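Structure, as structure tokens:
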Amino acid sequence: MHYWLMKTEPDVFSIDDFLTRKDRTEGWNGVRNFEARNFMRDGMRVGDLVIIYHSNATPPGAAGVAEVASAAYPDPDQFDPASEYHDAKSTRENPRWLQVDVKFVKKFDRLVPLDEIRAEPRFDELVMLRRNRLSITPLTAAEFRVFEELGSRRG
DNA sequence: GCCAACGTTGGC
DNA sequence: GCCAACGTTGGC
């Protein structure tokens, strides 16, 4: 079992949007960074747990939990010339970009804001804080539990 | 292989 | 909207 943090802009896809999808599952398309792709391809397994993080939001922060629901497979948008995610260098024989399916588990009782993530000593080694802009990062089991603790704090 | 230009991310 | 960080591209 591995743990991950995946960023999403809530204006595009938020934790609440899982509830509008079939099986509360979303294909995590649009990842266009090789390191993030490699995490999906080489690291993720069905059942891994994922913190869903809202970026470009007010405030930004951790919004809930999801789980990996498929192995990595080619992101279809890369083959679509009309898509903003189209990649002319990608072929169906040798696709560059992958996605996984991600299934809703729960929304936190409250958003855990970035300020609080930064201030938390148990997040001193958090890869998301150390690696600017990387949209998929690994978590330790301990870090995952801290997110759950902070997200379930009452009022 | 170097590195400057360019594009994107994402907090503010 | 600004801009720092930093990954990618392409000329050489």
Side-chain angles (χ1 to χ4, degrees), chain A residues 2-21 25-44 48-68 72-140 143-144 146-153:
Chain A
H2 291 108
Y3 301 88
W4 309 93
L5 184 146
M6 298 173 88
K7 297 181 185 176
T8 178
E9 300 189 26
D11 289 349
V12 178
F13 182 83
S14 83
I15 188 84
D16 295 317
D17 290 328
F18 279 111
L19 305 183
T20 70
R21 299 303 203 263
T25 298
E26 174 76 353
W28 211 259
N29 65 310
V31 173
R32 293 294 179 272
N33 171 282
F34 290 107
E35 194 170 358
R37 178 204 66 186
N38 293 347
F39 282 137
M40 290 193 288
R41 184 187 62 195
D42 305 329
M44 284 189 183
D48 284 0
L49 291 172
V50 179
I51 297 295
I52 300 297
Y53 175 90
H54 285 173
S55 62
N56 253 322
T58 43
V65 179
E67 65 184 339
V68 176
Y73 60 95
D75 178 342
D77 293 348
Q78 68 195 304
F79 307 122
D80 177 3
S83 170
E84 61 177 315
Y85 297 122
H86 178 245
D87 186 339
K89 294 182 178 176
S90 197
T91 64
R92 290 184 186 276
E93 294 71 30
N94 193 16
R96 295 179 115 193
W97 304 115
L98 304 174
Q99 66 183 59
V100 294
D101 290 340
V102 179
K103 182 171 183 168
F104 180 82
V105 172
K106 68 179 178 186
K107 184 178 179 177
F108 285 151
D109 295 337
R110 63 177 198 110
L111 187 99
V112 181
L114 177 59
D115 286 352
E116 200 171 319
I117 295 171
R118 285 189 171 133
E120 168 57 59
R122 290 172 292 176
F123 286 150
D124 280 355
E125 303 297 320
L126 198 68
V127 177
M128 187 208 73
L129 293 177
R130 295 183 163 220
R131 291 296 313 281
N132 202 1
R133 298 181 302 125
L134 189 56
S135 64
I136 299 176
T137 49
L139 298 173
T140 66
E143 288 164 345
F144 180 84
V146 175
F147 274 114
E148 290 218 298
E149 173 194 320
L150 297 177
S152 62
R153 183 179 295 162

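Letters A, B, ... mirror the listed sequences (proteins, then strands); counts begin at 1. Keep in mind that what you see is a predicted model, and the values were worked out from it rather than measured.
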Just the rounded figure in Å: distance from [atom2] of [N] to [atom1] of [X].
X	N	atom1	atom2	result
A:Glu84	B:dT9	CD	C1'	14 Å
A:Arg131	B:dT8	CZ	C1'	15 Å
A:Asn56	C:dA5	CG	P	17 Å
A:His54	B:dG10	NE2	P	13 Å
A:Met6	B:dT9	CE	P	15 Å
A:Asn38	C:dG7	CG	P	13 Å
A:Met128	C:dA5	CE	C1'	15 Å
A:Tyr53	B:dG10	OH	P	8 Å

Select one nucleotide: of C:dG7, B:dC12, B:dG10, the one nearest the side-chain heavy atoms of A:Ser55.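 Per side-chain heavy atoms of A:Ser55, the pick is B:dG10.
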Of the options B:dG10, C:dC6, C:dT9, whose atoms approach the side-chain atoms of A:Arg133 most closely?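 Nearest to the side-chain atoms of A:Arg133, counting from C-beta on, is C:dC6.
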Can you list the steps and then say if A:Tyr85 with A:Asn29 is a side-chain contact (heavy atoms from CB on, under 4.5 Å)? CA-CA 9 Å; A:Tyr85 297 122; A:Asn29 65 310; 3.9 Å; yes
Examine A:Arg92 relative to A:Phe79 and say whether NZ or CZ is less than 6.0 Å from the centre of the six-membered ring and inside a 45° cone about the ring axis.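 That pair qualifies as a cation-pi contact.
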I want to know whether A:Phe13 and A:Phe18 have ring centres closer than 6.0 Å.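 Centroid separation for A:Phe13 and A:Phe18: below 6.0 Å.
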For C:dA5, take OP1 and OP2 only and decide whether either is under 4.0 Å from a side-chain N or O of A:Arg130.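 Checking C:dA5 against A:Arg130, no side-chain N or O comes under 4.0 Å of OP1 or OP2.
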Examine B:dG10: is either OP1 or OP2 under 4.0 Å from a nitrogen or oxygen in the side chain of A:Lys7? Give yes or no.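 For B:dG10, OP1 or OP2 has a side-chain N or O of A:Lys7 closer than 4.0 Å.
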Scan A:Asn132 against the nucleic acid and name what it touches under 4.0 Å (heavy atoms): base, sugar-phosphate only, or nothing.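 Sugar-phosphate contact only - A:Asn132 comes under 4.0 Å of backbone atoms but never of a base.
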Answer yes or no: is there an ion pair linking A:Asp75 with A:Arg32, defined by an N-O contact shorter than 4.0 Å?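 Counted as a salt bridge, because a side-chain N and a carboxylate O are separated by less than 4.0 Å.
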